[in-house]
Each structure stands twice: as structure tokens, then as C-alpha cells.
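Notes for the one structure printed next.
Quick note: residue numbers are just sequence positions, from 1. When reading the values below, keep in mind they use all heavy atoms of this one structure, side chains included, and skip hydrogens, waters and symmetry mates. Quick caveat, the model's predicted, so the values are computed rather than measured.
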Amino acid sequence: MTLLLALVLLPIVGSVVVALLRGNAGAAKWTALGFSLAELVIAVAAWFAYDPAGPRMQLTSSIPWIPSFDINFSLGVDGIALVMVLVIAVLMPLVLGYSWGEKLPEGRTHGGFFSLLLLEQALTVAVFAATDVFLFYVLFEIMLIPMYFLIGGYGGENRSYAAVKFFLYSFLGGLIMLASAIGAYSYSAQVTGEGTFDWAKLVPILSDAPLNVQIWLFLGFFTAFAIKAPLIPFHTWLPDAAQQAPIGVAVIVVGVLDKVGTFGFLRYSLPLTPQASLQLAPLVLVLAVIGVLYGSLQAFGQTDLKRFIAYVSIAHFGFIALGIFAFTSQAHVGAVSYMINHSIATGMLILVIGMIIVRGGSTRIADYGGMAKVTPLLAGTLLIAGLSTLSLPGTNSFVSEFLVLVGSFPTRPVYTTLATIGMVLAAVYVLWLYQRTMQGPVRGDALLGTATGPGAVTDPNREGAHRLRLADLGPREIAVLAPLIVLIIGLGVYPQPVLDVINPSVAATMSEVGVTDPVTSQGGN
């Protein structure tokens, strides 16, 4: 068994075991955490087993599934997929740690909740590792099921609406992608006499396909990935899902799940349909820049903390799409590293906001103020997460945003210039949020748990609610946030180990698309 196959199977086993223990909350929690930590150990082992100078796909395994259509359960990772697998392995124990004491809807158990989270982890790892196009499609759709139940079963007041909207958007996008996958199989059968869904076999076949064929295939893949990413105007599912999902689930949705879209651009859209990708790049870049500006402006207008995060993420995904479709090495490396660093920064921001909501009893920004006077540690962690979100030099996100902008400008100067406006807006809306929640006079209605309104959390019978809401960060919360702070500072100061893993895969993607860097671009280092 390869390390990669173990990374897929271990959380599935953990999910089953935890589900069986759902009647014993304590045992279910500790078992889930144990499996997630074991997954992290294997992911780290996979990181060290991966050789950046080696073959494109490593840690591979393949099990025949439907031989008559050359469909196999094939797994393998390049540097791009590997870093995303490691990201979810890092985030999951922290999500479980945060959710340890979360109050769930009546009739729901932590065992069921943690079991679904582990299952979602297994499917997400498999999606990033799939090297068979049909397998990727199947996993792309199946991974929606546990997330549907996580949002619809454990979320807020309008959780059913948000869960159905999330499911339908992604499911319909997946069906359109299936049409392109079948088209790719049919074209390969027409050219070679034997159809295939194997990614490595399809790349050279489809790269020589006529432009009109590539355009149709590109549009099918693009639609599914643009919904998942989410790019404007396919984004409307995200604010609802982020607002209604439990905090831990929101970390997975915003921090990992939507990266499947940008990963799909890099793994499938560009290598399988290179001519169409180049031809239609201006259309994608328009959507990317609109996303940067629209997401930033919408963030200003939000009254809900969780919807604020959703629109901030939409703006950041515009930067990632800009880097991907600028077609330079620097921009591509910046986009991939942005995927990683966005997961870390936004994951921490969501967790900190969840801790604020627990203390204030409301998701409304207007119900907060002056919390730094009462909870200085919490205020400090919000500031660190916010500074990473606005890409302050010295934080992890700065390296990514810098590479995207510097790499994109030589080939896409107009789009890049417009996107830089988003950098200014990010500084303003992040500091605006910090000022509203942490500075100024202390808002007693929030800190004393008497907030009212659409975002209010009414729990008058909860023991110790008044005391908990006034408390600063506890040991468990510090343990959850500390690894993310280390990553934010560590990758901000020394990102080279991650860039070294990403660079060869980016170079291979550039070669598959058939583009070279302009003279003014010096690569991803």
C-alpha cells in the first residue's frame, strides 16, 4: 500500500469507527482526533518521500475498476496536489480541536459530526490525488454528500437552504464536467481507436485536438471549476454556505473544498485543452478581476461576520485565477502558493471569528466593540489572521500575492493593474473589521451575551455562558491557533521549501500548455 492510498483509506476507517462510537461523545472525539493526527503523520511522511526532481506523478497506485472503458482507481500526486493534501491534513486536527465543545443542534452528536468530517477529508484527498478523469468526476460529486449533511444537519437557522444550494450548484457543474470527460474519452477513441480516461494518456492526445474541440471541452471543465472556485458570477452559493455552516465546516469549505476548482484549472483545463485555455484566457481574467473588486467591495457592506469572510475569499480567488491564466512561471507559482496560504490565513480567520461569536453570542459585526480591552489574546490572534489576509510583508500571503502580481504584469498589465486595487481595499476592510470588533468602547450587549437581531445566538440556559463569553483564549483555543500562527510567520519568512516542491510541477504545466516566460519574468523563485 502506498502512502497516498493510506491517506485515502485511513480517514474512511476513522469515519466508520467514530460513527460506531457516536453514543459515547468522549470516545468519539478522541478517536477522531487520533485518526486525524495519524493522517497528518502520514501526510508529512509523503511530503518527505516526494522527490521534486523525480517523475511528474509520484506515490502512485492503480487498481482496475471498469477495464472495458480503461477506468481505474488511479492515484498520484505532483507538487501541486501534494501541498493541498498536506494542507487538509494540517487543518483537520485543528478543526476537530475547535469543534470539541461546539454546541450542536438538538439530536445531533459529535460522533456523527466528526465522522462526516473524516469522510470529507478522505474524499478531498482522493480528489486531489485522482489521475483518472472519470474517477475525478465521481469523487468530485461524491464529496458533496458529506458536506451536504454537515451544512444541512449541523448548521444555522437556514441550513437546509444553504445545503441544497451548495449541493445543486456543484452537482450541476459536475454534470457539465462529465459531458467534457465523455467528450475527451470519445475523441481519444476516435484518434487512437481505444478510448481512455487516463489523465497521462489524454494530455498528448487532446493537446493536438482542433481548437473548436478544445473549446467545447474547456467550457465543460471550466464551468464546474468556476462554480467550485468560486468565480463571479458562479459564486452565490459560498456566502450562504459560509454563513450557515458550523465554524469548523466553514474552514473546510473556504479553506480546502473550493481549492478543488483552482486545482482543476491547473490539472485538467490547462494541460488537456491548452489552446482553448490560451484563447479564452481574457474571458477568465475579466471574471477574475471582477471577482477581486466585487468581493472586496461586498466585504465592506457585510453586517455578518461569516458572510464577510466569504466575500473576502471571493476576492482572493480572483487573484488565484489571475495568476493561473497569466501563463508565466512566477504567476503560476504565486497562484499555487496562494491556494496554500489562503487556506492557512482564512482558516485561522474563520476559527478566530468563531471564537468571537462564542463569546459575543452573535454573528452581527455591529454587536461587537472594544473586545481587545477584555480579550487581548483573542484580539492579537485576529490581528495576525487579518494581517496575513491583507498580505502584509512578513506574513505567508505576501509572498503569494507578490508573485502573482509580478508574474502577471508582463503578460497581462491591464488586468494586473486593476487587481492591485484589491490590495488597497483588503487593507481597508480588514482594518475596518478589527476596528469595529476590537477597538472603541466595550459593547456590553455582545460581551454579556444579550445581543439581539438576525445573527443573535440565544442560549439563556447555557451554564456559564456569561463567564465564557468574557474569558480570553483558553488552552484548547491556543493549541488550535498556535500552529497556524507558526505557519503564517514561518512561510512568510522562509517560503522556499514549499516553492521548491511547487516549481517543477508548474514548469511541467507550462510545458504542457506550450508557453514560455517573457524575457522580463525570471521564474518562480
I'd like to check the side-chain hydrogen bond (donor to acceptor under 3.5 Å, both in side chains) partners of Ser277; sequence neighbours left out, ordered by chain and number. none
Sequence neighbours excluded, every pair satisfying salt bridge (Lys or Arg N to Asp or Glu O under 4.0 Å) that has a member inside residues 114-123: none
How many angstroms lie between atom CZ of Arg307 and atom CD of Gln243, to the nearest 0.5 angstrom? 5.0 Å
Check ring pair (Phe, Tyr, Trp, His ring centres under 6.0 Å) between His342 and all other residues, then give those that pass, not counting sequence neighbours. His316, Phe317
List the residues meeting side-chain hydrogen bond (donor to acceptor under 3.5 Å, both in side chains) with Ser337, not counting sequence neighbours, and say none if there are none. Ser400
With sequence neighbours left out, what residues match Phe35 under ring pair (Phe, Tyr, Trp, His ring centres under 6.0 Å)? none
Which residues pass the side-chain hydrogen bond (donor to acceptor under 3.5 Å, both in side chains) test with Glu401, not counting sequence neighbours? Tyr338, Ser391
Could you note down all residue pairs passing side chain to side chain donor-acceptor pair (under 3.5 Å) where residues 12-22 supplies at least one of them, sequence neighbours left out? Ser15-Ser115
Pairs flagged by salt bridge (Lys or Arg N to Asp or Glu O under 4.0 Å) wherever residues 44-57 is involved - sequence neighbours left out: Arg56-Asp78, Arg56-Glu512
Residues at least two apart in sequence or cross-chain that pass ring pair (Phe, Tyr, Trp, His ring centres under 6.0 Å) with Phe167, listed by chain then number, are Tyr148, Phe171
Can you list the residues that meet the side-chain hydrogen bond (donor to acceptor under 3.5 Å, both in side chains) rule with Thr389, with sequence neighbours excluded? none
What donor-acceptor contacts under 3.5 angstrom involve side-chain atoms of residues 476-493, with partners at least two apart or in another chain?
| unit_1 | atom_1 | unit_2 | atom_2 | d |
| --- | --- | --- | --- | --- |
| Arg476 | NH1 | Gly97 | O | 2.8 |
| Arg476 | NH1 | Tyr98 | O | 3.2 |
| Glu477 | OE1 | Arg359 | NH2 | 2.7 |
| Glu477 | OE1 | Gly474 | N | 2.9 |
| Glu477 | OE2 | Arg359 | NH1 | 3.1 |
| Glu477 | OE2 | Arg359 | NH2 | 3.4 |

Sequence neighbours excluded - salt bridge (Lys or Arg N to Asp or Glu O under 4.0 Å) pairs with any residue from residues 198-207: Asp70-Lys201
To the nearest 0.5 angstrom, please state how far the NE2 atom of His332 sits from the CG atom of Asp517. 9.5 Å
Over 60° means perpendicular and under 30° means parallel, so tell me whether Phe225 and Phe221 are parallel, tilted or perpendicular. parallel
